[in-house]
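Hydrogens, waters and symmetry mates are skipped; everything else that's a heavy atom, side chains included, is used. A note on names: the letters A, B, ... follow the listed sequences, proteins ahead of strands, and every chain is numbered from 1.
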Amino acid sequence: MTLRLFNTLTGQVEPLTPSEGGVLRMYACGPTVYDYGHIGNFRTFLEVDVLRRFLRLTGVPVRHVMNITDVDDKIIRNAAAAGMAIGAYTAKYEQAFFEDLDALKVERPEVLPHATEHIGKMVELVQKLEAAGAAYKTEDGSWYFRLSAFPSYGKLSKKDLSGMEDGARVDVDEYEKDSARDFAVWKSAKPGEMAWDTAIGRGRPGWHLECSAMSMEYLGESFDLHAGGEDLMFPHHENEIAQSETATHKPFARHWMHVRFLLVEGKKMSKSEGNFFTLRDLLLKGYKASAIRLALISVPYRHQLNFTFDGLTEATSAINRLRTFHERLKNTAWPKSAMRGSVGADEEISQIIATAKSDFFNALSNDLNTAEARAAVFEMVRKINTIADSGRLFESDARAALAVLADFDAVFDVIRDDDRECTRRALDWAQASGRMDLIDEGVLAAAHLSDEAIETLVAERTQAKRQRNFARADEIRNQLASKGVVLEDSKDGVRWKRK
RNA sequence: GGCGCGGUACCCAAGUGGUAAGGGAGAGGUCUGCAAAACCUUUAUGCGCCGGUUCGAUCCCGGCCCGCGCCUCCA
């Protein structure tokens with residue numbers, strides 16, 4: 001089963017396979033750690049996570065590199081405003097970033113290089129460019145890439161810059177550049193700014209240069225896939241290509257994946273619109289980490305996703321359905337298959353499960369169609385539930401269905417329930433950092449209700465029911481419901497779960 | 001203005017040249033002390049609008065309307 005993925009470079013859906021050594025080498029642009037990540041950031045990381053998980057599921061090992069940009073203009077500005085040293089400032093937000101990735105169950109890339117630890121490689125790259133006549137130094141000590149040195153500039157974003165090479169719009173601060181379109185590869189430092197003393201002068205790397213240097217350092221001069229948010233296509237990725245290919249005379253990344261932006265409640269997310277959310281904001285409002293994960297990956301990565309609170313509620317319900325089904329299959333004592341009498345039912349059930357499995361794999365193979373993959377599994381859930389209700393499900397069927405569910409979860413990862421723990425951590429963070437204002441009251445109340453306290457009330461209710469004291473039983477049920485605990489009476493006793 | 005994406009039921013959202021997946025919500029039912037869960041039934045003669053190609057178009061082509069993205073470091 002080979003993944004076919006849209007390649008921005010060619011504009012076509014193409015097979016994505018390792019070019020050598022059997023390991024797929026991929027690079028994804030990581031965060032600039034200057035603030036808490038917002039859900040738009042996480043959509044991109046989540047989609048890349050879906051990609052790497054599916055590759056692994058289909059037997060393709062992955063070497064995934066993601067940079068951490070820990071020096072840039074925003075970092076310098078924000079750290080100064082916060083009165084913190086750059087290193088301490090970025091460490092704080094890098095840690096927060098990884099906490100958020102953990103909550104969303106985004107797998108850790110194999111390599112996580114920091115920009116500040118690869119200055120030497122970046123300087124080397126500038127020197128190579130200079131030797132090739134493609135980089136020049138300006139009076140203030142900054143270095144620029146000469147766009148005219150790379151004729152195929154624009155091949156990724158399909159931009160033809162020939163007509164606008166030296167347009168009227170010249171940035172006053174950058175009057176020294178040979179051409180308005182030339183971009184910085186090395187920035188001279190203003191007094192007091194973070195800087196390195198290097199062979200090309202004192203300064204700090206340009207953002208584009210970081211990604212070129214670190215991707216090639218860990219993946220080689222040519223590698224299989226480069227991914228990022230759609231906004232990075234131009235100019236960031238275009239610049240990476242120009243620098244890298246000029247320096248090496250080899251093709252940079254073969255395949256390019258771009259994740260579309262999301263909208264929030266129908267509008268582009270922005271602080272001024274009031275629709276700007278970090279992961280922590282949502283967790284503290286009572287939305288589950290798993291629901292956020294599912295909502296963000298259910299729409300295929302090349303489509304604009306409209307992120308809404310209704311969508312989050314929908315995802316929560318969908319996950320409950322999956323988890324309930326999973327519990328049912330796992331915990332019911334299904335009759336042994338040897339006892340199966342008729343052969344006809346057997347065939348039908350195998351067919352349902354086999355179809356679900358192949359539909360699931362086909363959907364993801366087809367440019368990561370997560371919506372269709374999800375549908376394949378839900379169809380199986382409904383049909384198997386029906387068969388189970390009619391008493392025709394046997395142990396071997398349950399096992400086979402669970403195996404499909406396991407494949408699904410190897411990519412989607414929403415069945416195992418760590419939601420309470422994630423919310424707990426968000427609450428701890430809010431308390432520690434004085435952001436109590438973000439916490440929803442219901443979330444706090446639910447967090448304070450221990451499993452033991454619930455068990456005690458459930459036991460009392462069972463006792464009341466046995467004595468046919470339904471008034472008391474209902475009172476307890478309502479009390480728990482108000483704190484987000486749902487009870488289900490079944491033949492095998494009472495089940496409870498947190499909503 | 002240049003380049004690109006999209007408009008599918010109440011909401012979200014797949015999809016195909018031959019007549020509409022899936023999820024959520026709603027309604028009715030089975031089950032239950034009542035609920036919940038699960039299941040069943042039900043909700044687009046219809047896929048932005050107008051033409052064209054075709055035996056046949058939601059899917060192909062053209063035009064129009066609407067929404068969105070990128071076009072100076074925002075994922």
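The residues A:D231 and A:R260 are annotated as not salt-bridged, no charged nitrogen and carboxylate oxygen being separated by less than 4.0 angstrom. Between A:E107 and A:R52 there is a salt bridge, since a side-chain N of the basic residue sits under 4.0 Å from a carboxylate O of the acidic one. Salt bridge status for A:E99 with A:R280: present, with a side-chain N to carboxylate O gap under 4.0 Å. A salt bridge links A:K155 and A:E245; the closest N-O separation between the charged side-chain nitrogens and carboxylate oxygens is under 4.0 Å.
Base-pairing analysis of RNA chain B finds the following stems of at least three consecutive Watson-Crick or G-U pairs, with both pairing distances under 3.5 Å: B:1-7 with B:65-71, B:10-12 with B:22-24, B:26-30 with B:38-42, B:48-52 with B:60-64.
Between the side chain of A:S212 and the backbone N or O of A:E240 there is at least one donor-acceptor pair closer than 3.5 Å. With A:S142 contributing its side chain and A:T138 its backbone, the two residues share no donor-acceptor pair below 3.5 Å.
By the salt bridge (Lys or Arg N to Asp or Glu O under 4.0 Å) test, A:R323 pairs with A:D417, A:D419, sequence neighbours left out. Every residue was checked against the salt bridge (Lys or Arg N to Asp or Glu O under 4.0 Å) condition with A:D359, not counting sequence neighbours, and none meets it. Every side chain to side chain contact (heavy atoms under 4.5 Å, CB included) that A:S298 has, sequence neighbours left out, goes to A:L294, A:R374. With sequence neighbours excluded, no residue satisfies salt bridge (Lys or Arg N to Asp or Glu O under 4.0 Å) with A:K285. Judged as a salt bridge (Lys or Arg N to Asp or Glu O under 4.0 Å), and not counting sequence neighbours, the contacts of A:K105 are A:D413, A:D418.
The gap from the P atom of B:rA25 to that of B:rU16 amounts to 28 Å, rounded to the nearest Å. Straight-line distance between the C1' atoms of B:rU8 and B:rC66: roughly 15 Å, to the nearest whole Å. For the C1' atom pair drawn from B:rA21 and B:rU32, the interatomic distance equals 33 Å after rounding to whole Å. Taking atom C1' on both nucleotides, B:rG18 is separated from B:rG6 by 26 Å, rounded to a whole Å. Separating the C1' atom of B:rC65 from that of B:rG48 is a span of 8 Å, rounded to the nearest Å. With both ends at atom C1', the span from B:rU42 to B:rG4 equals 41 Å, rounded to whole Å. Using atom C1' as the reference point in both B:rC5 and B:rU43, the two lie 30 Å apart (nearest Å). Only the P atoms considered, B:rG1 is 11 Å distant from B:rC64, to the nearest whole Å.
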Next item on the list: Show the numbers, then the answer: is there a side-chain hydrogen bond (donor to acceptor under 3.5 Å, both in side chains) between A:N362 and A:S365?
Entry: CA-CA 5 Å; A:N362 285 332; A:S365 298; 5.2 Å; no
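Remark: P of B:rC71 and CG of A:D231 are 8 Å apart, rounded to the nearest angstrom. Nucleotide B:rG33 holds its C1' atom 15 Å from the CD atom of A:Q467, rounded to whole Å. B:rC70 atom C1' lies 14 Å from atom CG of A:L263, rounded to whole Å. If you measure from atom CG of A:D73 to atom P of B:rC73, you get 11 Å, rounded to the nearest angstrom. Put simply, CD1 on A:I297 is 15 Å from C1' on B:rC12, counting in whole angstrom units.
Listed nucleotides: B:rG33, B:rA13, B:rC70. Nearest to the side chain of A:F470: B:rG33. The side chain of A:R181 sits closest to B:rC71 out of B:rG23, B:rC71, B:rC74. For A:H208, the side-chain atoms get nearest to B:rC73 when compared with the rest of B:rC71, B:rC73, B:rG33. With B:rC71, B:rC39, B:rC74 as the candidates, the nucleotide lying closest to the side chain of A:K159 is B:rC71.
The residue among A:N385 and A:N306 whose nearest nucleotide of RNA chain B lies closer to the 5′ end is A:N306. Mapping A:Y34 and A:N320 onto RNA chain B via the closest heavy atom, the residue that lands nearer the 5' end is A:N320.
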Polar atom pairs (N or O), protein with nucleotides 34-36 of chain B, under 3.5 Å:
| unit_1 | atom_1 | unit_2 | atom_2 | d |
| --- | --- | --- | --- | --- |
| B:rC34 | O2 | A:R477 | NH2 | 2.4 |
| B:rC34 | N3 | A:R477 | NH1 | 2.9 |
| B:rC34 | N3 | A:R477 | NH2 | 3.3 |
| B:rC34 | N4 | A:D489 | OD2 | 3.0 |
| B:rA35 | N6 | A:D489 | O | 3.1 |
| B:rA35 | N1 | A:D489 | N | 2.9 |
| B:rA35 | N3 | A:R477 | NH1 | 3.1 |
| B:rA36 | N1 | A:D489 | O | 3.4 |

Distances under 3.5 Å only, N/O to N/O: pair up the protein atoms with those of nucleotides 4-10 of chain B.
| unit_1 | atom_1 | unit_2 | atom_2 | d |
| --- | --- | --- | --- | --- |
| B:rC5 | O2' | A:R260 | NH1 | 2.8 |

Below 3.5 Å between N/O atoms, which protein atoms pair up with nucleotides 58-60 of chain B? Just atom names and distances, please.
none

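The base of B:rC73 sits with one of its N or O atoms less than 3.5 Å from a complementary donor or acceptor on the side chain of A:K187.
In this structure, A:Y89 has its ring center under 6.0 Å from that of A:Y93.
As judged by a 4.0 angstrom heavy-atom cut-off over every strand, A:V259 is placed among residues making no nucleic acid contact. No contact: A:G311 has no heavy atom under 4.0 Å from any strand. Residue A:P300 is classed as a sugar-phosphate contact, given heavy-atom separations below 4.0 Å to backbone atoms only. Contact annotation for A:K267: no contact, since no heavy-atom pair falls under 4.0 Å across all strands.
Distances shown here put every side-chain N or O of A:T308 at or beyond 4.0 Å from the OP1 or OP2 atom of B:rC11. OP1 or OP2 of B:rA37 has not a single side-chain nitrogen or oxygen of A:K499 nearer than 4.0 Å.
Listed in residue order, the members of residues 362-376 of chain A having a heavy atom less than 4.0 Å from RNA chain B are A:N369, A:A371, A:E372, A:R374, A:A375.
Counting non-hydrogen atoms of other residues, nucleotides and ligands closer than 6.0 Å to NZ of A:K121 gives a total of 12 or fewer. Shown here is A:K158, whose NZ atom has more than 12 heavy atoms of other residues, nucleotides or ligands within 6.0 Å.
Under a cutoff of 6.0 Å and an axis angle of 45°, A:K268 and A:F261 do not form a cation-pi pair. Cation-pi geometry between A:R302 and A:F6 is satisfied (NZ or CZ under 6.0 Å from the ring centre, within 45° of the ring normal).
Ring geometry, A:H208 versus A:F183: the interplanar angle exceeds 60°, so the pair is classed perpendicular (tilted spans 30 to 60°).
Listed by first then second residue, pairs satisfying ring-ring contact (aromatic ring centres under 6.0 Å, His included) with a partner in residues 309-331 of chain A read A:F277-A:F309, A:Y287-A:F309, not counting sequence neighbours.
Of all the heavy atoms in A:I353 and A:D397, the pair that sits closest is CD1-O, 3.6 Å.
Paired with A:H226 under the rule ring pair (Phe, Tyr, Trp, His ring centres under 6.0 Å), one option of A:H255, A:H258, A:H237 passes, and it is A:H237.
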Check: Just by protein heavy atoms under 4.0 Å, how would nucleotides 24-29 of chain B read 5' to 3' in B, S and -?
Finding: SS----
